[in-house]
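We use all heavy atoms of the structure for the numbers below, so side chains are in, but hydrogens, waters and symmetry mates are not.
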Amino acid sequence: MKWSLAGGVLDFGARAHIMGILNATPDSFYDHYDDVGAAVERGLQMLEEGADILDIGGESSRPPMYGVAAEVGCEEECRRVLPVIEKLRMHTAAPISIDTVKAEVARRALAAGADVINDISAMGDEDMASVAAEADVPLVLMHRRGTPATMQLDTHYDDVLGEVHSFLAERVAHARACGVRRCAVDPGLGFGKSPEGNLLLLKHLRRLGDVDCPLLVGASRKSFVWKTLGATAEDALEGSLALAVLARAAGAHILRVHDVRASCRALRMADAVLQTESEIRG
């Protein structure tokens with residue numbers, strides 16, 4: 001449960017770790033930057049606010065309810081993310097994650113200074129495991145059904161917990177067989193699940209703990225949050241914070257969020273409670 005990276009050690013047994021979302025895109029559903037300077041400025045701001053990892057993505061995976069996201073080729077995706085990674089690396093040694101499903105983008109991002117691969121397709125590109133293994137970097141594997149354009153067409157599961165668990169366990173085993181030493185898993189909230197399925201996964205998150213690697217949860221401002229509240233993505237901060245705290249209490253190690261400062265404060269308070277040990281006298 002420790003990752004030794006160029007910028008230091010992430011000890012997931014010690015506290016919750018915040019992954020700040022940095023969308024270098026023109027069309028992500030919330031908080032996106034298609035200007036390199038603005039993206040770098042936001043990344044440095046998130047580090048000041050307490051982010052432990054910056055997760056940089058150049059291709060939107062928004063669901064169709066926001067409008068079908070445009071498919072992005074390898075060269076365009078690299079054009080969006082590589083300058084951001086390179087410029088951030090000039091200013092900070094903090095861990096940087098590349099959010100991509102393309103092995104070639106991951107390879108080039110690692111060469112530019114990224115430390116972690118966040119693959120929401122869980123090695124849909126069969127070369128992704130070899131890229132992670134050869135560079136000896138951690139690989140985050142997420143559960144999803146279909147592609148961003150099709151994932152919400154079928155959200156029925158006979159056993160959503162069991163199916164997500166089985167998928168992630170198999171993907172971790174495959175990655176390790178390919179030589180990847182460090183993995184994390186993500187249940188993929190909002191990716192091919194109904195609102196009820198997302199809530200059920202969060203309620204029983206501990207069932208994913210026996211996959212034996214850090215657990216990442218990303219619920220920040222997703223539609224099932226603001227729909228449950230009868231709000232909008234712009235007015236979903238409180239719901240997102242509630243789910244981050246509940247996920248941490250249920251065993252999550254990494255929380256992928258848009259609102260870094262508020263999330264850090266909420267999770268510091270949660271960790272203060274979770275880590276307090278005292279003798280209870282009756």
Side-chain angles (χ1 to χ4, degrees), residues 18-47 49 51 53-89 91 94-122 124-125 128 140 142 144 146-152 186 188-192 216 218-223 225-226 232-234 236-237 240 255-260 263:
I18 294 290
M19 175 181 276
I21 300 168
L22 187 56
N23 294 315
T25 62
D27 58 349
S28 293
F29 82 91
Y30 186 83
D31 200 21
H32 50 83
Y33 302 87
D34 54 0
D35 173 78
V36 173
V40 171
E41 182 179 355
R42 176 56 182 150
L44 295 174
Q45 180 185 33
M46 285 195 288
L47 292 175
E49 292 174 352
I53 309 168
L54 296 178
D55 191 40
I56 301 172
E59 182 175 23
S60 175
S61 57
R62 68 185 189 188
M65 66 176 295
Y66 295 102
V68 177
E71 292 188 15
V72 178
C74 178
E75 292 303 318
E76 173 62 17
E77 190 173 346
C78 285
R79 186 193 68 78
R80 294 177 179 182
V81 300
L82 297 186
V84 178
I85 295 169
E86 290 166 352
K87 288 185 181 295
L88 279 170
R89 192 47 79 218
H91 295 282
I96 293 174
S97 169
I98 176 62
D99 176 5
T100 186
V101 299
K102 302 181 184 71
E104 179 60 17
V105 174
R107 184 188 67 78
R108 292 166 66 175
L110 295 174
D115 308 279
V116 178
I117 301 171
N118 182 15
D119 180 4
I120 66 170
S121 73
D125 184 332
M128 189 67 84
V140 181
M142 192 192 81
R144 73 175 185 183
T147 66
T150 65
M151 62 189 180
Q152 294 304 110
D186 177 350
L189 301 178
F191 286 83
L216 183 154
S220 180
R221 295 185 180 271
K222 289 185 175 178
S223 63
V225 180
W226 55 260
T232 65
E234 290 72 26
L237 174 59
S240 299
L255 288 304
R256 185 176 182 272
V257 305
H258 296 92
D259 305 282
V260 172
S263 299

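Comment: Arg79 does not engage Glu75 in a salt bridge, judged by the lack of any side-chain N to carboxylate O separation of less than 4.0 angstrom. In summary, Arg89 and Asp115 engage in a salt bridge, as defined by a charged side-chain N under 4.0 Å from a carboxylate O.
Screening Val81, Leu82, Asp119 against Ile98 for a side-chain contact (heavy atoms from CB on, under 4.5 Å) leaves a single residue, Val81. Here the options are Asn118, Ile18, Asp186, Ile53, the test is side-chain contact (heavy atoms from CB on, under 4.5 Å), and the partner is Arg256; only Asn118 passes. Of the options Arg108, Glu104, Lys102, a side-chain contact (heavy atoms from CB on, under 4.5 Å) to Glu77 is made by Lys102 and by none of the others.
Crowding of Glu41 atom CD: a count of heavy atoms from other residues, nucleotides or ligands under 6.0 Å not exceeding 12.
Arg80 is listed as a side-chain neighbour of Val72, based on a closest heavy-atom distance under 4.5 Å. Taking the side chain as every heavy atom from C-beta outward, Ser220 and Asp259 approach each other to under 4.5 Å.
Rounding to the nearest 0.5 Å gives a distance of 4.5 Å between CE of Met46 and CG of Leu22. One distance of note links CD1 of Ile117 with CG of Asp55; it measures 11.5 Å at 0.5 Å rounding.
The main-chain N or O of Thr25 is never found under 3.5 Å from a side-chain atom of Asn23 such that the two would form a donor-acceptor pair. Side-chain atoms of Lys87 never come within 3.5 Å of backbone atoms of Val36 as a donor-acceptor pair (strictly under, hydrogens ignored).
When all heavy atoms of Leu47 and Ala94 are compared, the pair lying nearest together is CD2-CB, 3.7 Å. Shortest non-hydrogen contact noted between Ile120 and Phe191 is CD1-CE2, 3.9 Å. The two residues Cys74 and Val105 make their nearest non-hydrogen contact at SG-CG2, 3.8 Å. Considering every non-hydrogen atom in both Cys78 and Pro83, the closest pair reads O-CD, 3.7 Å. Between Ala114 and Ile85, the shortest heavy-atom distance links the atoms N-CG2, 3.8 Å. Counting all heavy atoms, side chain and backbone alike, Ala51 lies closest to Gly20 at CB-N, 4.4 Å.
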What do the steps show when you test Ile21 against Arg221 for side-chain contact (heavy atoms from CB on, under 4.5 Å), and what is the final call? CA-CA 11 Å; Ile21 300 168; Arg221 295 185 180 271; over 6 Å; no
May I have the step-by-step check of side-chain contact (heavy atoms from CB on, under 4.5 Å) for Val101 and Asp125, ending in yes or no? CA-CA 7 Å; Val101 299; Asp125 184 332; over 6 Å; no
The test is side-chain contact (heavy atoms from CB on, under 4.5 Å); show your working for Ile56 and Leu88 and say whether it passes. CA-CA 11 Å; Ile56 301 172; Leu88 279 170; 3.6 Å; yes
